[in-house]
Amino acid sequence: MTELSYAAIRRRKTRIKAALTGGVGFVLCLMFILFSQATSNNQNRSNTLAISGPWEFTSLEPSKQGYIYTRMNILETLINVDAKGALIPGLARTWQSSADEKIWTLTLQPNVLFQDGSPMNATAVVSALRFAQDKHGTLKKAPIEAIRVKNPQQVEILLSQPHTVLPALLAHYSTAIMAPSAYNQEGVVTSLIGSGAYVLDTFEPPHKLSVKANPTYWGIKPSIEFAQYLTGHRSESRILQAKSGEADIVYSLDASMLDQLSTADDVKVYSHPIPRTLLLKLNAGHPFLNSVEARQALSLAINRPAIAEQVLHVAEAASDQIFASSMGAWHLDQPQESYSLAKAADLLAGLGWQKDAQGWLVRDGQRFQLTLTTYADRPELTTVSTALQDQWKRLGVDLKVDVTNSSMIPSRHADNTLEVALIARNLGVIADPVSIMANEYTQGGGDWGAMNWYNTQVDQALARLTTQSDQVQAKRDAKLVATAIYQEKPVIAVASYQQHNAVNARIKGYQFDPFLRDYFINKMELVDHVDAH
């Protein structure tokens, strides 16, 4: 089952190797210029941590790119998430609800200062949360009636109905707390002033920013004085950054290229499982995809083990479920679906599809042709798209691949032109997936979930999950939702996700956050750096 070979993938690897040999001088020169530009007079390699990743940033608004600013330790949230997904204290040391679960009280950490020297108190927090509530983010759809000051160190959030996932929403980057001076009178963010261990030093969107240590930080004070983040769109470039030492930590590397680091004695590669799934988003309203049998056939025609081994280079990544085994009741305890072109063909034959002389499926004079939309921010998406194109061709489905910007997926969802999309969906972006599922799998779906798919039982189960705290019922509802998605396949899982990061030997104390909220810069050290603090 895993002996498939994909010519397009081999050609891509050949091009990559050519780029790595022929363009090394130019790329290294460019990286040297970018990384060596000091943002402060005393910034140099010995006191600066250089980070590279594929993610751009264009706005200071936490609701848009707050994930970069929390990872770089500039901004913080009221509640944090540990490596196992449990909610832990952040800027709020405790939180509790009233008996009817309509009033939540958060008690703030004492003696916290914002980076402008102003106090982090209930008045500032209430103001920040109100601004966040008015923008695109997790609080916008929450049933919040009021956010108010209870006393200088306590904040109250009043709900119109119970909303059990509220604490998890307060751990999302869009709810990061900033100083009042960060906003203008209209609530627009004009300066990035948080409470984190690092202060924004330079801001050069969409590719570069730098931070410097915050000497008044309330938590673990950083030993590294400066840190830089540089966007590297191409995985080839990020490999070179790691290999040359121009970047100390390089996030999200293409697994097929990791052998390029095998000769780099001062670089170690870490592979971490994260609650992210490679999945196909299907337009269930499309005339070729509007039957459960058609979507099931496409799933049966995916050779997941081959993709996991030959494309992702992680055999255990193959998965036919959107929820990882670490996600409790959401994960179904059952054998993985087996690859079967014969069963897939039978299902489609039952819907009237027959192969023509060229081997393409045809019904009523129309070829079974679809366009798959994906994006290059995550390098594995394009190679997996190539594999899917090859595998579905064997079934008789003509799949065209359109590699574009990730923003085109919600855009084409909105105007109903999307047919199929391959995405890497992080269902752990909020610690509790209920809120994500309610936004993306009810009443027809959402930007990064189902599309034109309706299931009344799922709608009802997710409504209960957001309003009731009965744990026994919650497990039943989670299983109901997961089972319906698995059986009806508004989305089709291809593989679970492993993130590959390269870390230079001069880094001491490297940690990885599977929920991608924090780079833990303040907990790391540079071994060739004499601590000046």
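- Looking only at atom types and distance, the side chain of D415 has a donor-acceptor partner in the side chain of T417 under 3.5 Å away.
- Ring-plane geometry between F288 and H286 is classed as perpendicular, the angle between the planes exceeding 60 degrees on a 0 to 90 degree scale with a lower cut at 30.
- The shortest distance between side-chain heavy atoms of I492 and L298 falls below 4.5 Å.
- Sorted by first and then second residue, the side-chain hydrogen bond (donor to acceptor under 3.5 Å, both in side chains) pairs involving residues 428-444 (not counting sequence neighbours) are R425-E440.
- At most 12 heavy atoms of other shown residues, nucleotides or ligands fall within 6.0 angstrom of atom CG in D333.
- Screening Q391, Q336, E337 for a side-chain hydrogen bond (donor to acceptor under 3.5 Å, both in side chains) involving R304 leaves a single residue, E337.
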Item checked: Test log, rule side chain to side chain contact (heavy atoms under 4.5 Å, CB included), inputs R71 and W55 -> CA-CA 12 Å; R71 293 174 190 175; W55 306 282; 3.5 Å; yes
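- Evaluation of the ring-ring contact (aromatic ring centres under 6.0 Å, His included) test over residues 453-483, restricted to residues two or more places apart or in two chains, returns none.
- Under a 4.0 Å N-O distance rule, the pair E419/R412 does not qualify as a salt bridge.
- A donor and an acceptor atom, one from each side chain of Q499 and S252, are nowhere located under 3.5 Å apart.
- The aromatic ring centres of F57 and Y67 sit 6.0 Å or more apart.
- Tested against Y270 for a ring pair (Phe, Tyr, Trp, His ring centres under 6.0 Å), the candidates Y510, Y251, F512 yield a single pass: Y510.
- Classification of the Y229-Y519 ring pair by plane angle, with boundaries at 30° and 60°, yields parallel.
- No donor-acceptor contact under 3.5 angstrom links the side chains of Q241 and R238, judged on distance only.
- In this view, N426 and P275, R276, V429, L516 satisfy the side-chain contact (heavy atoms from CB on, under 4.5 Å) rule, not counting sequence neighbours.
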